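So the structure is just underneath, and the comments pick up after that.
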Amino acid sequence: MKESNTVEVIIIGGGYAGLSASYYLRQNGISHTILERGQVGQSWVSQRWDSFRLNTASKLNTLPGFDCGENEKNAFCSAQSLVSSMQDFVKMHELPIRQNVMVTRVEKDPQNNSFVVTALENGTICTFHCKQVIIASGSQSQKKVPSLAAGIETGIRQLHSSEYRSAAALPEGGVLVVGSGQSGCQICEDLISAGRKVYLSTSKVPRCPRHYRGRDIMDWLILSGFFETRADELPDHAMRNLRTPLLKGTDGGRASLSLQALARKGVQLFGRMHNVSENAVTFSDDVQTNLIFGDEFSERVKGMIDAFIQDNDIHAPDAAPDVDDEPVKSEGISKHETWVDLKANQISSIIWATGFTSDFSYLKIPVLDINGVPIHQDGVSAVEGVYFLGLHWQRSRKSDILFGLKDDALFITDKINGQLKKQARANS
């Protein structure tokens, strides 16, 4: 067993959130260590397809104290480029990260009011002791595939969206993509551009135009305060479950992403997957509902921006025509099939773009509810010294995107710094 390590703070997870927290802790001279289960940015490379591009411009994806430069600020970078910037950030600020360290247990040491973190480092058990812990392992660490997958005939290649790399890596034939969120829709575009026949099982997913009234939609959403909305300010609590609106950056951030745009390119749309039986897959009859949901969300966002422009007397051009953002008229929606025969349609692959779930089972302290979900207020748990980063709606809507992670990290590290100063005063 390796010698124990003692620091003030342990950060579990070396992604954007963990690196941001480390930067701020280092600024305040607080001793700490980052424990990363793989390499810096590994998930960005290992879980992204070859043509992947971020759907937000580089100016919104910078780590704290880092400027991407004038020439790159409006670029939509690849996963590898993003990882390179993360690795450069670690070297530039000499952040204390230990890679290939899998945390297996976090528990309270009642004798000295501290925490013991047990981990496997390159196969060797090691322990760390600290006064405070930041859980920055994220809420999307485990692939989620529905149980229906077990009913698919064995001859069909099945993979999660995080395992997809390119159309060329799949068997010849058609592809069924299950899930119409960011990954599902972008993978559909990649497949259709490679000449594959693509079938998409859809659900209710919000979307926005890529550009509106002379600006990238993200610029308007940030300027108008859309991302500053807190969960308790939502008119309906169920809105917390909405995914991030569909956007893409594969074309340099020029075009909108929508279900109707995919349909025009040849993607056959189905409703939510309902059941499977060897070669037969059935779907709910809700394609029109899902299309309308996306259209209505886009219209609300544009209406909000129009009101913001008017209220603040901002000069902005009229909206340019955008065929991919035009609402689908009911008479323009043909009847969609509610089942497909995989064999008859020569569908050889199914991609489960069904997202991820979290796994905080290594936390042996009372900071989770009965479903394993963190109990917290703005990332601060009820157990003194335990904090979270990278959670869905942690403090506001922007907590879900790279743009918001460093603000949450600053908030948490300020809490830690304040707690340390309070303890120092009490001991003086």
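What you see is a predicted model; the values in this text were computed from it and never measured.
- For an aromatic pair to be called close, the ring centres must be under 6.0 Å apart, and Phe115 with Phe128 fails this.
- In the model, Thr244 has no side-chain atom that pairs as donor or acceptor with a side-chain atom of Asp400 under 3.5 Å.
- Taking each heavy atom of Leu200 and Ser180 in turn, the nearest pair found is CD2-CB, 4.1 Å.
- Partners of Lys144 by side-chain hydrogen bond (donor to acceptor under 3.5 Å, both in side chains), not counting sequence neighbours: none found.
- Here Ser203 pairs with Arg243 under the side-chain hydrogen bond (donor to acceptor under 3.5 Å, both in side chains) rule; sequence neighbours left out.
- Evaluation of the side chain to side chain donor-acceptor pair (under 3.5 Å) test over residues 33-46, restricted to residues two or more places apart or in two chains, returns Gln39-Asn100.
- A donor-acceptor pair shorter than 3.5 Å can be found between the side chains of Tyr362 and Ser137.
- Remark: Glu153 engages no residue in a salt bridge (Lys or Arg N to Asp or Glu O under 4.0 Å) (not counting sequence neighbours).
- In summary, Asp50 and Arg165 do not engage in a salt bridge, as defined by a charged side-chain N under 4.0 Å from a carboxylate O.
- Residue pairs that meet the ring pair (Phe, Tyr, Trp, His ring centres under 6.0 Å) test with at least one member in residues 50-69, sequence neighbours left out, are Trp49-Phe52.
- A salt bridge is defined here as a Lys NZ or Arg NE, NH1 or NH2 lying under 4.0 Å from an Asp or Glu carboxylate O, and Asp378 with Arg230 meets this definition.
- Here the closest non-hydrogen pair linking Leu269 and Ala263 is CD1-CB, 4.0 Å.
- Val301 is not listed as a side-chain neighbour of Pro245, based on a closest heavy-atom distance of 4.5 Å or more.
- Pairs passing the salt bridge (Lys or Arg N to Asp or Glu O under 4.0 Å) check and including a residue from residues 215-227, sequence neighbours excluded, read Lys59-Asp219, Arg210-Asp216.
- Atom CD of Gln310 sits in a sparse spot, with 12 or fewer heavy atoms from other residues, nucleotides or ligands closer than 6.0 Å.
- Paired with Tyr199 under the rule side-chain contact (heavy atoms from CB on, under 4.5 Å), one option of Val175, Asn345, Ile350 passes, and it is Asn345.
- Listed by first and then second residue, the ring pair (Phe, Tyr, Trp, His ring centres under 6.0 Å) pairs that reach into residues 257-309 are Phe270-Phe283, sequence neighbours excluded.
- To the nearest 0.5 Å, the span separating CD1 on Ile135 from CD1 on Ile10 amounts to 10.0 Å.
- With sequence neighbours left out, the salt bridge (Lys or Arg N to Asp or Glu O under 4.0 Å) criterion links Asp286 to no other residue.
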Below 3.5 Å, can you tabulate the donor-acceptor pairs from side chains in residues 363-372 to any protein atom, sequence neighbours excluded?
unit_1, atom_1, unit_2, atom_2, d
Lys364, NZ, Ser361, O, 2.8
Asp369, OD1, Asn371, N, 2.8
Asp369, OD1, Gly372, N, 3.1
Asp369, OD1, Val373, N, 2.9

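- Counting heavy-atom neighbours within 6.0 Å of Glu299 CD, excluding the residue itself, gives a total above 12.
- A side-chain N or O of Asp322 and one of Ser256 form a donor-acceptor pair less than 3.5 Å apart.
- No side-chain donor-acceptor contact under 3.5 Å links Arg53 and Ser78.
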Could you check Arg397 against Thr229 for side chain to side chain donor-acceptor pair (under 3.5 Å), going step by step and ending with a plain yes or no?
CA-CA 6 Å; Arg397 184 180 269 122; Thr229 303; 3.2 Å; yes

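- Summarising the local packing, CD of Glu233 is surrounded by more than 12 heavy atoms from other residues, nucleotides or ligands at distances under 6.0 Å.
- When only modelled atom types and interatomic distance are considered, Asn290 and Arg272 share no side-chain donor-acceptor pair under 3.5 Å.
- Using a 4.5 Å cut-off on side-chain heavy atoms (C-beta onward), Leu95 and Ser22 make contact.
- When all heavy atoms of Gln260 and Asp324 are compared, the closest pair comes out as CG-O, 4.1 Å.
- Contact check on Asp325 versus Lys302 returns a salt bridge, with a Lys/Arg side-chain nitrogen under 4.0 Å from an Asp/Glu carboxylate oxygen.
- In the model, Glu384 has a side-chain atom that pairs as donor or acceptor with a side-chain atom of Gln419 under 3.5 Å.
- Residue Thr118 forms a side-chain contact (heavy atoms from CB on, under 4.5 Å) with just one option from Val103, Ile125, Val106, and that option is Ile125.
- For Lys197, there are no side-chain hydrogen bond (donor to acceptor under 3.5 Å, both in side chains) partners, not counting sequence neighbours.
- No side-chain donor-acceptor contact under 3.5 Å links Ser399 and His392.
- Within 6.0 Å of CD on Gln158 lie more than 12 heavy atoms contributed by other residues, nucleotides or ligands.
- Among residues at least two apart or in separate chains, there is no ring pair (Phe, Tyr, Trp, His ring centres under 6.0 Å) pair with a member in residues 207-228.
- Taking the centre of each ring, Tyr387 and His376 stay at or above the 6.0 Å mark.
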Please table the atom pairs, donor to acceptor, closer than 3.5 Å between any side-chain atom in residues 185-195 and protein atoms at least two apart or in another chain.
unit_1, atom_1, unit_2, atom_2, d
Gln186, NE2, Gln182, OE1, 3.4
Gln186, NE2, Leu247, O, 3.2
Glu189, OE1, Lys248, NZ, 3.1
Glu189, OE2, Lys248, NZ, 2.8
Glu189, OE2, Lys265, NZ, 2.6
Asp190, OD1, Ser51, OG, 2.8
Asp190, OD2, Tyr164, OH, 2.5
Ser193, OG, Glu189, O, 3.2
Ser193, OG, Asp190, O, 2.8

